[in-house]
Amino acid sequence: EEQEEDVLRELRLFLRNITERLSLDRRFKAFTKPVDIEEVPDYLMVIKKPMDLSTLLTNIDEHKYVTVSEFMADADLIWKNTLEYNPDSDPMDRNIRHRACALKDTVRAIIRDELDEDFERVCEEIRESR
Ligand SMILES: O=C(C1CCC1)N1C[C@@H]2C[C@H]3C[C@@H](O)[C@@H](O)[C@]2(C1)O3
């Protein structure tokens, strides 16, 4: 009902705010747009579900997320895909994996500091009711 739509509107505002802050962080520039498949022709053979910060934002606006956990699952794909596709010991791979780990830790720190557990529980109840 209307109160549920109020909750989901607040969820989308919270998720957009997180995603925009990540997109402004210079460490995470490589994560802001999809990997260019023309530049990396084998990418989709290795990575089954590509993800990036601009796609997260689109998903939010398309009402794809009803809970923070669903958003986190897609946000986690960004760093997991990066660790999987860039595993080598060369400095470039090590650098992008370092940034991927920083992204993982930053998302978790923001959620821990700024998400009220009771709010996420209300979102989970809405998800289970649909
Ligand atoms: O995994 C990624 C992105 C980095 C975070 C996501 N890429 C795969 C390619 C390997 C490496 C060097 C360039 O070839 C560039 O195209 C990519 C992009 O980085």
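Residue numbers run from 1 in the order of the sequence given. Side chains included, hydrogens not; waters and symmetry mates left out as well; all remaining heavy atoms used. Counting starts at 1 for both ligands and their atoms, in listed order.
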Carboxylate-amine/guanidinium proximity below 4.0 Å for Asp105 and Arg108:
no
Near Glu38 CD, under 6.0 Å, is it more than 12 heavy atoms from other residues, nucleotides or ligands?
no
So which of Met92, Lys29, Lys33 gets nearest to atom 12 (C) of ligand 1, if we judge by its closest heavy atom?
Met92
Taking distance alone, with no angle check, do Glu39 and ligand 1 share an N/O pair under 3.5 Å?
yes
Using a 6.0 Å cut-off, check whether atom CD of Glu2 has over 12 heavy atoms from anything other than its own residue.
yes
Nearest non-hydrogen atom to atom 17 (C) of ligand 1 belongs to which of Val40, Leu103, Ile96, Ile47?
Val40
Is it true that atom NE2 of His98 has more than 12 heavy atoms of other residues, nucleotides or ligands lying nearer than 6.0 Å?
no
Identity and distance of the protein heavy atom lying nearest atom 5 (C) of ligand 1
Phe31 CE2, 3.5 Å
For atom 7 (N) of ligand 1, what is the nearest protein heavy atom, given as residue, atom name and distance?
Val35 CG2, 3.9 Å
What's the shortest distance from atom 10 (C) of ligand 1 to any protein heavy atom, and which residue and atom give it?
Asn86 OD1, 3.4 Å
With backbone taken as N, CA, C and O and side chain as the heavy atoms from C-beta onward, which portion of Asp36 lies under 4.0 Å from ligand 1: side chain, backbone, both, or neither?
neither
Please confirm whether Thr82 comes within less than 3.5 Å of ligand 1 when only nitrogen or oxygen atoms on both sides are compared.
no
Is Glu120 salt-bridged to Arg127, going by a charged N under 4.0 Å from an acidic O?
no
CD1-CG distance between Ile78 and Leu53, expressed to the nearest 0.5 angstrom
4.5 Å
